[in-house]
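In listed order, ligands and their atoms are each counted from 1. Atom set for the values below is all heavy atoms of this structure, side chains included, hydrogens, waters and symmetry mates excluded. Nothing fancy with the numbering, it's 1 onward along the sequence. As the structure is a prediction and not an experimental result, all values here were calculated from the model.
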Amino acid sequence: MLDAILQQAIDSGRLGATPFYWYESIGSTNQKALEMVRDGWSGQAIVMAESQTSGRGRLGRSWVSPAGTGLYVSIVLWPQVAPEDLSKVTLVAGVAVNRAINLEANIATMIKWPNDILADCKKVAGILAESTAVTSRGKTAVVLGIGVNVTTPLEDFPSELSGKVTSLLAVSGKVIQRGALLKRIVSEISRQMELLEQGHFSKILEEWKARDATLGKRLHWINSSKQAVYGVSMGPDKEGRLRVRDSSGKVHEVISGDVNLADS
Ligand code: BTN
């Protein structure tokens with residue numbers, strides 16, 4: 001069911017001032033947004049779908065995207081930051097989506113590095129930031145793909161995700177309007193991006209740290225040599241890289257990959 005905000009965005013082709021593209025069904029909104037950039041799109045855009053047939057998750061996983069029950073959206077941004085700061089956009093997005101969910105669904109959520117949003121210790125939203133080699137006016141596009149399980153029935157997820165995923169409905173008991181949530185996400189992303197572009201990443205990081213789901217906990221991740229490394233999370237450093245201390249006291253810097261609590 002389309003709510004009034006979504007219907008208006010579809011009819012006008014805009015959400016606020018941003019061009020809005022809506023699809024009943026699509027392979028992946030991220031794929032579509034990246035294609036737009038490769039084809040010369042040089043502004044901001046929002047691409048949304050009711051369902052995705054090949055929804056993409058981080059690290060080559062897929063994102064379960066049944067029709068009308070989740071928010072599947074990709075936002076094309078052109079961050080005004082130095083190339084070495086582009087990786088920070090992923091943490092910025094985590095803070096923005098976390099805030100938007102708190103405000104719209106009124107539930108407490110935490111962030112698992114780099115940007116999984118957890119409610120009741122289960123994943124309720126995920127973010128996939130992708131970019132292309134294409135630049136415009138010296139800037140690189142970042143496509144922020146955001147998936148939120150809004151009313152997604154938990155039985156729609158594969159059994160291996162059982163107990164690891166949840167929905168806003170399951171946690172809050174309320175049906176959150178996807179249009180209102182999207183509007184909030186877009187405005188939070190724009191606020192947080194402005195902070196990043198003005199050089200205030202430390203403020204964003206402060207908020208990220210206040211929501212850190214794994215600080216001080218034992219976890220493991222697969223390093224670039226495909227080895228599992230176990231340690232205790234020390235939280236992100238000032239650049240947003242996760243620090244993990246292993247049992248020998250060595251501190252590792254995690255720049256990509258997936259972290260898992262040691263007993264998960
Ligand atoms: C993750 O693995 O946590 C990231 C999930 C990102 C899913 C969203 S849904 C909209 C956008 N289009 C995609 O194909 N993926 C992202």
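The distance from ligand 1 to the heavy atoms of Asp116 drops below 4.0 Å at these ligand atoms: 3 (O). Atoms of ligand 1 found under 4.0 Å from any heavy atom of Val73, numbered from 1 in the order shown, are 10 (C), 11 (C). Atoms of ligand 1 found under 4.0 Å from any heavy atom of Gly55, numbered from 1 in the order shown, are 14 (O). For ligand 1, the atoms lying closer than 4.0 Å to a non-hydrogen atom of Arg56 are 5 (C), 6 (C), 7 (C), 13 (C), 14 (O), 15 (N), 16 (C). Interface atoms of ligand 1 facing Ile127, defined by a heavy-atom separation under 4.0 Å, are 3 (O), 4 (C). Contact atoms of ligand 1 toward Thr29: 10 (C), 11 (C), 12 (N) (distance under 4.0 Å to a heavy atom of the residue).
Counted within 6.0 Å of NZ on Lys183, heavy atoms from surrounding residues, nucleotides or ligands total 12 or fewer; the atom is thus considered open.
Partner of Leu168 under the side chain to side chain contact (heavy atoms under 4.5 Å, CB included) criterion, out of Ile176, Asn106, Thr109: Ile176 alone.
Side-chain atoms of Ser87 never come within 3.5 Å of backbone atoms of Asp85 as a donor-acceptor pair (strictly under, hydrogens ignored). A donor-acceptor pair under 3.5 Å is absent between the side-chain atoms of Gln44 and the main chain of Thr18, judged by distance alone. Remark: side-chain polar atoms of Thr214 are not paired, donor with acceptor, to backbone N or O of Lys217 under 3.5 angstrom.
Hydrophobic clustering keeps Trp63 apart from Ile111 (ILVMFWY residues linked when any side-chain heavy atoms are closer than 4.5 Å, directly or through intermediates).
At least one N/O-N/O distance between Ser28 and ligand 1 falls below 3.5 Å. Polar contact with ligand 1: present for Lys123 (N/O pair, distance under 3.5 Å).
Considering only non-hydrogen protein atoms, atom 5 (C) of ligand 1 sits nearest to Trp63 CE3, 3.3 Å.
Within the set Met48, Gln52, Arg58, the minimum heavy-atom distance to atom 13 (C) of ligand 1 is found for Gln52.
Side-chain contact of Ser248 with Asp246: a donor-acceptor pair under 3.5 Å is present, judged by distance alone.
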